[in-house]
Asker: 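To start, I am sharing the structure in question, which I have written as structure tokens.
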Amino acid sequence: MDYKKLADLLYPNAKDIEYYEKKYPERNLKEGAEVCRFAPSPTGRVHMGNLFASFVPEVFAHQSGGVFILRIEDTDQVRILENGVQLIYDDLKTYDYQIDESPLDGGEYGPYVQTERKEIYEAYAKYLVSIGRAYPCFCSAEDLDAMRKRQEERKEQIGYYGKYAKCRNLSLDDVKKHLDNGDKFVLRLKSMGDPDKKFVFKDLIKGAIELPQNNLDQVLIKSDGIPPYAFAHVVDDHLMHTTTVTRDDSYISSVPYHMELWDAFGFKKPKFAHLLPINIKDGDIIRKISKRKDPWAAISYHHENGIPVEAVKLYFATLLNSNFEGWLLQNPDKSYRDFKFTFDKMSKSGSLFDMEKLTNISKNYLSKLKASEVFELLSTWAEEFDKDFYDLINNYKDYTIRVLNIEREQKKPRKDFAFYSEIKNHIWYMFDELFTDVEYDFGVNTIDNVKEIVNLYVKNYYNADDDKDTWFNKIKALSDELGYASDMKAYRENPEGYKGSVADVSNIIRVALTTKSMTPDLYEIMNILGKDRVLDRLNRVNNL
RNA sequence: GGCCCAUUGGUGAAAUGGUUAACACAUAGCCCUCUCAAGGCUACAUUCAUGGGUUCGAAUCCCAUAUGGGUCACCA
């Protein structure tokens, strides 16, 4: 059989692969720089699962001074989504992923959408035919069904191989006849594998894995002229000079086939890292994150609830390498970008998404920021999801920052909130605009008691210029004057001897000023509220 | 069903043949304290899915079983 002739017959117009090999030369990168890619199908929005799957290559590429590529795998025309590319791109950008090459950014190694690479695939398909490693198959869907049935009945391996691969033996004339007839064909790999023999390869995460060799004559080019995943990924990753392929671990079982393809071409193989999916515990069942069943996993959910982008990434970093957490504890001022991640520290068994852990990480993250930084993040969130609040805090920007700064600039700052959507609940009472139609709950204290305390405090004690010690000494003095214990220890030893304690007194003032019985430091709150607001609010209580 | 992978506390996990199985989250209690939020301290796996073996010694190596996951397309 003259394979060259067959190749010309099948793909008369395809270019020589030399053309593409020259067009996409080796990258000029420093030693050790990784080229990694995220290669999703544009079938929907990104969720926590694939956001993590894209976090990994992004981090490995950039920590090594390499390149991160977004490539769109849209060879399955049935499932693609209108503007799916843009959606994925936007989602990744929301999380500040640095994308070096993509359909939207362009790049020297494009196009980055597979359906736009049809010509390239054709050239490489032709090449494989010309060296005798691929052949056209004219079997119909019915033929294949019949074959499968027969194999099932005989309990034989299912698929197109060996004696079942009848189009392997088509002569040049047979092929010509089919072509003249206008018959559609798929291109198949002429596999040389033996399933009784082992194929061993080393995965960056899982280590050595043994699988049977591939012997299936898999489809390389579909009848519509577009390749399925395997062929496309080999050509793309070769031409884009990917150094490490990260992908879902469901591809593991087809690795022998993929490797046979790489070898058939004679290309230098990249390293492979098969990622375990992030799972979720649903009752007793552990399953992959699902877009439909897990609304909390959607990026839009995180967006609406104001879950900080950075917190999600810190959480991903702890999933990626569990020793990251300890490192961050030792280096609280550093970014995850400064940590050296490795594949061998990755989990081999898939982890559960833990919202509580994310919450904790987020609290810690926000507590370390400056008040002005929290303000900006909050403002950006509120602009989209709480316009009234956005207007309010921006009208009183400096004031809001002071509020956000309460007990922040200290060794162990407060950790009140994890998400932007929670902040309003913690600070609303600081704004007169929101301090309307309020209801007070003074607990066991009678309203006369409350008025007595508030009155006396305003009349004899309150001075907006007091420093913290003076302020508190006055609260104590007020307590003494009214028969409340100013010393908590004394009170605890003899609770019957007093009307209450300084805790009760300050709490009455606290509720009068904020309606809340639990707030941050009262002195700071009064300080920021300022004299006018304090007096106004205390008077309101007096007029109840 | 064949093949592949995994299995350490409520959760994420460390440990890669050698003392009491790190650490973090969650939970509970105590301390501190004007309330919170923090912070400090303490408790929480007689045991690493189960059973057998190898070894002076096993969570770590081997075998079987169980459970969970993946994969067997002109889908990725």
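We use all heavy atoms of the structure for the numbers below, so side chains are in, but hydrogens, waters and symmetry mates are not. By convention in this document, chain letters (A, B, ...) are assigned in the order of the sequence lines, proteins followed by strands, and residues within each chain are numbered from 1.
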Asker: Quick one: look up who U33(B) pairs with, Watson-Crick or G-U, both distances under 3.5 Å, and put none if it's unpaired.
Answerer: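 Because no pair has both required distances under 3.5 Å, U33(B) counts as unpaired.
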Asker: To the side chain of Lys415(A), which of A37(B), A15(B), A76(B) is closest?
Answerer: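 Per side-chain heavy atoms of Lys415(A), the pick is A37(B).
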Asker: Mind calculating the distance between NZ (Lys206(A)) and C1' (A6(B)) to the nearest angstrom?
Answerer: 6 Å
Asker: Is the closest side-chain heavy-atom distance between Phe199(A) and Glu210(A) below 4.5 Å?
Answerer: no
Asker: What integer number of Å spans the P atoms of A24(B) and A38(B)?
Answerer: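 Comparing P positions in A24(B) and A38(B) gives a spacing of 16 Å.
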Asker: Restricting to side-chain contact (heavy atoms from CB on, under 4.5 Å), what partner residues turn up for Ser367(A), sequence neighbours left out?
Answerer: Pro413(A), Lys415(A)
Asker: Could you measure between the two C1' atoms, the one in A59(B) and the one in U16(B), and give it in whole Å?
Answerer: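 The answer is 11 Å between these two C1' atoms.
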Asker: Determine the Euclidean distance between corresponding P atoms of U20(B) and A45(B); express it in Å to zero decimal places.
Answerer: 16 Å
Asker: For Lys198(A) and Asn507(A), take the nucleotide of RNA chain B holding the closest heavy atom to each; which residue's nucleotide lies nearer the 5' end?
Answerer: Lys198(A)
Asker: According to a strict under-4.0 Å criterion, is Lys412(A) in side-chain N/O contact with OP1 or OP2 of C32(B)?
Answerer: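 For Lys412(A), the contact criterion (side-chain N or O under 4.0 Å from OP1 or OP2 of C32(B)) is not met.
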Asker: Does the cation-pi check pass for Arg71(A) over Phe38(A), that is, NZ or CZ under 6.0 Å from the six-membered ring centre and within 45° of its axis?
Answerer: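 No.
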Asker: Please determine which of Thr242(A), Asp237(A), Asp236(A) meets the side-chain hydrogen bond (donor to acceptor under 3.5 Å, both in side chains) test together with Arg37(A).
Answerer: Asp237(A)
Asker: Closest approach to the side chain of Glu407(A), judged atom by atom: which nucleotide of A37(B), C34(B), U11(B) is it?
Answerer: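 Within the option list, the nearest is A37(B).
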Asker: Assess whether one donor atom and one acceptor atom, taken from the side chain of Ser253(A) and the base of C4(B), lie less than 3.5 Å apart.
Answerer: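 Flag unset: no donor-acceptor pair detected.
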Asker: Could you tell me how far A13(B) sits from G52(B) if I compare only their P atoms? Round to whole Å.
Answerer: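 My reading of the P atoms in G52(B) and A13(B) gives 29 Å.
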Asker: May I ask you to evaluate whether Ser479(A) reaches the phosphate of C34(B), defined as a side-chain N or O under 4.0 Å from OP1 or OP2?
Answerer: no
Asker: Counting distance alone, no hydrogens or angles: does the base of C36(B) have a donor or acceptor under 3.5 Å from a partner atom on the side chain of Arg510(A)?
Answerer: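 Donor-acceptor pair under 3.5 Å: no.
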Asker: Given C3(B), C36(B), U33(B), which nucleotide is nearest the side-chain atoms of Lys489(A)?
Answerer: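 The answer is U33(B), which lies nearest to the side chain.
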Asker: Does a side-chain N or O of Lys184(A) approach OP1 or OP2 of C74(B) to a distance below 4.0 Å, or not?
Answerer: no
Asker: OP1 or OP2 of A76(B) sitting under 4.0 Å from any side-chain N/O of Lys222(A)?
Answerer: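 Looking at the OP1 and OP2 atoms of A76(B), one of them is under 4.0 Å from a side-chain N or O of Lys222(A).
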Asker: Which parts of residues 229-239 of chain A get close to RNA chain B, meaning a heavy atom less than 4.0 angstrom away?
Answerer: Tyr229(A)
Asker: Can you work out whether Asp249(A) or Ile226(A) has the more 5'-proximal nearest nucleotide on RNA chain B?
Answerer: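 Between the two, 5'-proximity favours Asp249(A).
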Asker: Do NZ/NE/NH1/NH2 and the carboxylate oxygens of Lys489(A) and Asp487(A) come within less than 4.0 Å?
Answerer: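 Answer for the salt bridge query: no.
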Asker: Could you tell me whether Tyr498(A) and Tyr484(A) have their ring centroids closer than 6.0 angstrom?
Answerer: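 When the ring centroids of Tyr498(A) and Tyr484(A) are compared, they turn out to be at least 6.0 Å apart.
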Asker: Between His426(A) and Asp416(A), is there a side-chain donor-acceptor contact under 3.5 Å, judged purely by atom types and distance?
Answerer: no
Asker: Rounding to an integer number of angstrom, what distance separates A6(B) and A49(B) when you compare their C1' atoms?
Answerer: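 Between the two C1' atoms, the distance is 12 Å.
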Asker: If only side-chain N and O atoms of Lys516(A) are considered, is one of them under 4.0 Å from the OP1 or OP2 phosphate oxygen of A37(B)?
Answerer: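 No, outside the criterion.
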Asker: Please give the nucleotide sitting opposite A64(B) as a Watson-Crick or G-U wobble pair, both distances under 3.5 Å, or none.
Answerer: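 Base-paired to U50(B).
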Asker: Are the aromatic ring centres of Phe419(A) and Phe417(A) under 6.0 angstrom apart?
Answerer: no
Asker: Using atom C1' in both nucleotides, what's the gap between C32(B) and G39(B) to the nearest angstrom?
Answerer: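 9 Å, rounded to whole Å.
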Asker: In whole angstrom, what separates Lys474(A)'s NZ from C34(B)'s P?
Answerer: 19 Å
Asker: Is there a side-chain contact between Asn360(A) and the phosphate of A26(B), meaning an N or O under 4.0 Å from OP1 or OP2?
Answerer: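 Result: yes.
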Asker: Suppose you measure atom P in U7(B) against the same atom in U11(B); what distance do you get, rounded to whole Å?
Answerer: 15 Å
Asker: Which of these nucleotides, C36(B), U33(B), U35(B), is closest to any side-chain atom of Arg414(A)?
Answerer: C36(B)
Asker: Taking only the P atom of each, what is the distance from U42(B) to C48(B) in whole angstrom?
Answerer: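 So the two P atoms sit 26 Å from each other.
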Asker: Taking only the side-chain nitrogens and oxygens of Lys363(A), find out if one of them lies under 4.0 Å from OP1 or OP2 of C25(B).
Answerer: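 Indeed not, no polar side-chain atom of Lys363(A) lies that close.
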Asker: For A43(B), what is the paired nucleotide under Watson-Crick or G-U wobble rules, both distances under 3.5 Å?
Answerer: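 By the stated definition (distances under 3.5 Å), U27(B) pairs with A43(B).
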Asker: Assess the side chains of Tyr161(A) and Arg188(A): does a donor N or O sit below 3.5 Å from an acceptor N or O?
Answerer: no
Asker: Any idea which of C74(B), C34(B), C25(B) is nearest the Leu144(A) side chain?
Answerer: C74(B)
